[in-house]
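In what follows, a single structure is set out as structure tokens and then discussed.
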Amino acid sequence: MNWTDALVESGIWIMQAYAITLVLASATIGILARRTVWGRQFWALASGYFSPRRSWKPLVTLALILLLTLAGVRLEVLFSNWYNTMYTALQKLDESGFWGAMVLFAVLATIHVVRSLLDFYVQNAFTIRWRVWLNEQLLGSWLDKQAYYRSQYLDTPVDNPDQRIQQDVTVFAEMSLSLCMGVINALVSTFAFTLILWNLSGPISLFGLEVPRGMVFLVFVYVIVATVFAIKIGRPLILLNFLNERFNADYRYALVRLREYAESIAFYAGEKVEGTILRGRFANVINNAWAIVYRSLKFLGFNFSVSQAAVVFPFIIQAQRFFSKQISLGDLMQTAQAFGRLQDNLSFFRNAYDNFATYRATLDRLSGFTKAIADARALPEPDVQAQGPRIALQSLTVRTPSGTLLLKDLSVEVLPDAPLLIRGPSGSGKTTLLRAVAGLWPYCDGHIIRPEHEALFLSQKPYLPLGSLRSALYYPHALPEGTGQQPTTDVRHQEQAALASAHRVPSNLDGLINSHKNQVSRPHAAQDAQASNEQSGPDGSASATLDQRAIDVLRAVQLGHLADKLDMTADWGRILSLGEQQRLAFGRVLLAEPDAIFLDEATSAMDEGLEDAMYRLVRERLPATILLSVGHRSTLFAHHPRQLVLKGDGTGAWEITDTDLLR
């Protein structure tokens with residue numbers, strides 16, 4: 001081979017292969033996206049990311065990855081020719097030719113290393129950016145129109161949405177690229193090494209017939225037959241991998257619930273029951289794992305046997321020609337190398353079948369998730385209208401999912417000076433009525449008028465987000481500027497922490513992570529303090545006013561003992577008692593000053609004195625706020641001059657009474 005011309009020839013080869021591959025790949029993707037189920041699933045998930053209207057960067061990056069992949073194929077061809085050159089020099093005892101081959105190897109190896117490292121970086125950068133985009137798309141859709149909540153009303157609610165967003169997105173992005181480039185690499189390499197093997201192959205006699213270039217035909221027949229059998233053996237792995245993801249997610253979710261409800265379980269001494277549930281779910285994981293092992297044994301055993309037989313096959317075929325001096329040692333070794341490479345390329349689909357099975361299961365899970373989101377958002381929505389600070393229900397009818405009437409033709413308006421108390425037997429639909437007013441309950445008709453944004457819903461068990469006590473107090477609103485530490489994401493410091501951890505293998509990962517958290521949070525604290533001083537002026541009056549307001553609210557709701565813990569980050573949902581959490585929710589009301597408050601047994605964990613104090617506090621500080629409460633206690637009568645009593649008899653009957661008549 002004339003290595004002087006190899007560079008020019010390689011450039012021409014890459015450009016030609018690039019143009020042909022680009023056309024064929026585009027056509028194939030188009031056909032698969034229209035004619036196959038999994039192709040449509042892929043396109044539904046990926047088309048938005050690759051749309052030129054959004055950005056050209058993904059397409060440009062993908063084009064670069066394709067170029068690097070084809071360059072890798074060309075390098076493999078050059079290495080194959082190098083093997084021939086080197087072994088021929090050894091056979092001829094050509095010392096200068098041998099050392100020339102070593103210099104050539106150094107050049108090829110350097111190019112190979114640089115290309116491999118660049119390919120590694122570009123591919124990983126591509127998948128990371130794709131993950132970011134797809135995560136935002138799914139997370140945004142999951143949160144939009146409260147699909148995360150409304151999906152529970154579907155006939156078949158989606159299981160483990162957390163895993164589908166976090167894990168399946170990662171698998172989808174990484175495997176989409178790796179399998180796509182793997183297929184292109186296999187097909188282009190097959191073509192390139194078929195030409196090499198065609199030139200090296202001689203005639204083969206089979207059953208009295210002489211087949212020219214017989215080795216080429218034998219390797220194709222050998223791999224095609226092996227692939228057919230491999231697919232039949234490995235097909236059950238698609239379902240088994242799907243179940244593996246589901247069972248593991250179910251087990252992990254049960255473990256999370258054990259931690260979340262640890263106190264309640266401990267009070268009940270329910271360890272045996274929880275242990276039975278956890279062991280049952282873990283048993284599903286293990287049983288499916290054994291099924292994967294047994295099926296994989298058959299699949300891998302067949303693949304290993306086929307691959308090992310292929311090692312000696314080219315030597316056996318070419319041995320007679322070598323001993324008769326028709327070919328050189330270099331030709332023999334290049335034949336073996338080309339045969340092995342061609343066999344590997346043709347066996348790509350057989351060897352990667354378990355990866356395809358995992359990928360197909362991931363596609364099914366993500367497609368099922370997006371369908372559940374679409375179905376949840378397509379559920380009927382109550383007719384909620386905003387007409388300023390006003391609450392009114394007009395001809396409202398509320399039903400259960402099965403169609404049972406909870407409330408029929410309710411028309412009522414709640415005024416700021418006449419709070420309304422909703423009462424009725426258990427299961428009569430009191431909380432469901434609040435859900436309808438909030439726009440969460442899909443099974444209702446009529447008109448609902450309420451403030452669009454300036455309204456707060458206080459539940460029996462308030463939600464306390466992760467973070468500081470101050471952020472829990474201001475929830476669902478963001479912290480005002482200049483108060484505490486803003487919940488920001490400092491990518492630069494996170495990257496520094498990641499780089500620091502990459503330079504060593506720490507013995508204590510938990511300690512390292514906590515150290516990085518401190519490194520990230522301390523600069524924020526300094527920046528927040530500086531920003532606070534700049535905004536508040538020399539005396540710091542603005543920041544002090546905001547801090548004092550939060551402290552005053554805590555004291556007003558009788559949580560003054562927590563004033564010095566406002567900026568402490570902890571799991572406040574576990575630290576505070578239910579009564580303290582309910583009082584913290586009233587603190588939110590005082591800070592937010594909403595036009596309307598909806599209270600669903602929001603004082604059930606307080607004693608009667610605290611309950612009376614909280615209602616009086618709201619009436620004194622927010623006299624223009626409209627109150628709508630659900631509760632059973634007679635002590636609530638003093639704060640609600642009117643009552644809506646639901647009969648709960650399945651007819652949707654109700655009545656409005658004057659509380660003064662019941663005292």
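Keep in mind the model is a prediction, meaning the values are calculated, not measured. One-based numbering along the sequence shown.
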Residue set satisfying salt bridge (Lys or Arg N to Asp or Glu O under 4.0 Å) with Arg40, at least two apart, ordered chain then number -> none

Write down the atom of [X], the atom of [Y], and the distance for their closest heavy-atom approach.
{"X": "Leu644", "Y": "Ile656", "value": "CD1-CG1, 3.9 Å"}
{"X": "Ala372", "Y": "Leu154", "value": "O-CD1, 3.5 Å"}
{"X": "Ala147", "Y": "Ala376", "value": "O-CB, 4.0 Å"}
{"X": "Pro451", "Y": "Ile391", "value": "CD-CG1, 4.0 Å"}
{"X": "Pro462", "Y": "Leu578", "value": "CD-CD1, 4.1 Å"}
{"X": "Val557", "Y": "Gly587", "value": "CG1-N, 3.7 Å"}

Going by the rule ring pair (Phe, Tyr, Trp, His ring centres under 6.0 Å), which residues pair with [X] if we only count those two or more places apart in sequence or in a different chain?
{"X": "Tyr615", "answer": "His639, His640"}
{"X": "Tyr148", "answer": "none"}
{"X": "Tyr253", "answer": "none"}
{"X": "Trp654", "answer": "none"}

[X] versus [Y]: any side-chain heavy-atom pair under 4.5 Å?
{"X": "Leu434", "Y": "Leu628", "result": "yes"}
{"X": "Ser176", "Y": "Trp130", "result": "yes"}
{"X": "Ile184", "Y": "Cys180", "result": "yes"}
{"X": "Pro476", "Y": "Tyr463", "result": "no"}
{"X": "Arg377", "Y": "Ser141", "result": "yes"}
{"X": "Glu381", "Y": "Lys145", "result": "yes"}
{"X": "Asn135", "Y": "Ile165", "result": "yes"}
{"X": "Leu473", "Y": "Leu554", "result": "yes"}

Looking at [X] and [Y], would you say the former's side chain and the latter's main chain have a donor-acceptor pair under 3.5 Å?
{"X": "Thr170", "Y": "Gln166", "answer": "yes"}
{"X": "Gln581", "Y": "Gly573", "answer": "yes"}
{"X": "Ser178", "Y": "Met175", "answer": "yes"}
{"X": "Thr397", "Y": "Asp409", "answer": "yes"}
{"X": "Thr603", "Y": "Met606", "answer": "no"}
{"X": "Lys430", "Y": "Gly424", "answer": "yes"}
{"X": "Thr127", "Y": "Asn124", "answer": "yes"}
{"X": "Arg150", "Y": "Leu379", "answer": "yes"}
{"X": "Asn287", "Y": "Ala283", "answer": "yes"}
{"X": "Arg435", "Y": "Leu440", "answer": "no"}

Residue pairs passing the side-chain hydrogen bond (donor to acceptor under 3.5 Å, both in side chains) test with at least one member in residues 270-286, sequence neighbours excluded, are none

For Asp445, the side chain to side chain donor-acceptor pair (under 3.5 Å) test, sequence neighbours excluded, returns Arg399

Sequence neighbours excluded, the answer for side chain to side chain donor-acceptor pair (under 3.5 Å) partners of Glu413 is Arg390

Please evaluate residues Glu611 and Gln582 with respect to the criterion side-chain contact (heavy atoms from CB on, under 4.5 Å), reporting the C-alpha separation (whole Å), side-chain torsions for both, the decisive distance (0.1 Å), and the verdict.
CA-CA 10 Å; Glu611 177 185 78; Gln582 290 182 346; over 6 Å; no

Indicate, with yes or no, if the rings of Phe50 and Trp43 have centres closer together than 6.0 Å. no

Approximate separation, where rounding is to 0.5 Å, of [X] [atom1] and [Y] [atom2]:
{"X": "His447", "Y": "Ser395", "atom1": "NE2", "atom2": "OG", "value": "6.5 Å"}
{"X": "Ile422", "Y": "Ser629", "atom1": "CD1", "atom2": "OG", "value": "8.0 Å"}
{"X": "Arg450", "Y": "Gln387", "atom1": "CZ", "atom2": "CD", "value": "13.0 Å"}
{"X": "Lys408", "Y": "Leu396", "atom1": "NZ", "atom2": "CG", "value": "13.5 Å"}
{"X": "Asp571", "Y": "Arg259", "atom1": "CG", "atom2": "CZ", "value": "8.5 Å"}
{"X": "Thr61", "Y": "Trp56", "atom1": "OG1", "atom2": "CH2", "value": "12.5 Å"}

Mind listing the side-chain donor-acceptor pairs of residues 362-369 below 3.5 Å, one per line with the distance, residues two or more places apart or on another chain?
| from | atom 1 | to | atom 2 | distance (Å) |
| --- | --- | --- | --- | --- |
| Thr362 | OG1 | Thr358 | O | 3.0 |
| Asp364 | OD1 | Gln41 | NE2 | 3.3 |
| Arg365 | NE | Asp168 | OD2 | 2.7 |
| Arg365 | NH2 | Gln163 | OE1 | 2.5 |
| Ser367 | OG | Leu363 | O | 2.8 |

Q: For the pair Val437 and Leu393, evaluate side-chain contact (heavy atoms from CB on, under 4.5 Å) and give the outcome as yes or no after the intermediate values.
A: CA-CA 8 Å; Val437 174; Leu393 309 177; 4.0 Å; yes

- prompt: Should we count CZ of Arg295 as having more than 12 external heavy atoms under 6.0 Å?
  reply: yes

The side-chain contact (heavy atoms from CB on, under 4.5 Å) partners of Lys371 (sequence neighbours excluded) come to Asp375

Side-chain atoms of residues 589-601: list all donor-acceptor pairs with protein atoms under 3.5 Å, sequence neighbours left out, distances to 0.1 Å.
| from | atom 1 | to | atom 2 | distance (Å) |
| --- | --- | --- | --- | --- |
| Asp600 | OD1 | Thr431 | OG1 | 3.3 |
| Asp600 | OD2 | Thr431 | OG1 | 3.0 |

- Given Asp250 and Arg246, is the side-chain contact (heavy atoms from CB on, under 4.5 Å) satisfied, shown in steps? CA-CA 6 Å; Asp250 289 343; Arg246 179 170 184 172; 3.8 Å; yes

*asked:* Classify the ring geometry of Tyr153 against Tyr443: parallel below 30°, tilted from 30° to 60°, perpendicular beyond 60°.
replied: perpendicular

* Asked: How are the rings of Phe42 and Phe172 set relative to one another: parallel (under 30°), tilted (30 to 60°) or perpendicular (over 60°)?
  -> tilted

Show which side-chain atoms of residues 31-38 pair as donor or acceptor with protein atoms under 3.5 Å away, not counting sequence neighbours.
| from | atom 1 | to | atom 2 | distance (Å) |
| --- | --- | --- | --- | --- |
| Arg34 | NH1 | Gly30 | O | 3.3 |
| Thr36 | OG1 | Leu32 | O | 2.6 |
| Thr36 | OG1 | Gly39 | N | 3.0 |

Hey, mind stepping through Leu576 and Leu562 against side-chain contact (heavy atoms from CB on, under 4.5 Å) and telling me if it holds?
CA-CA 10 Å; Leu576 301 182; Leu562 299 175; 3.7 Å; yes

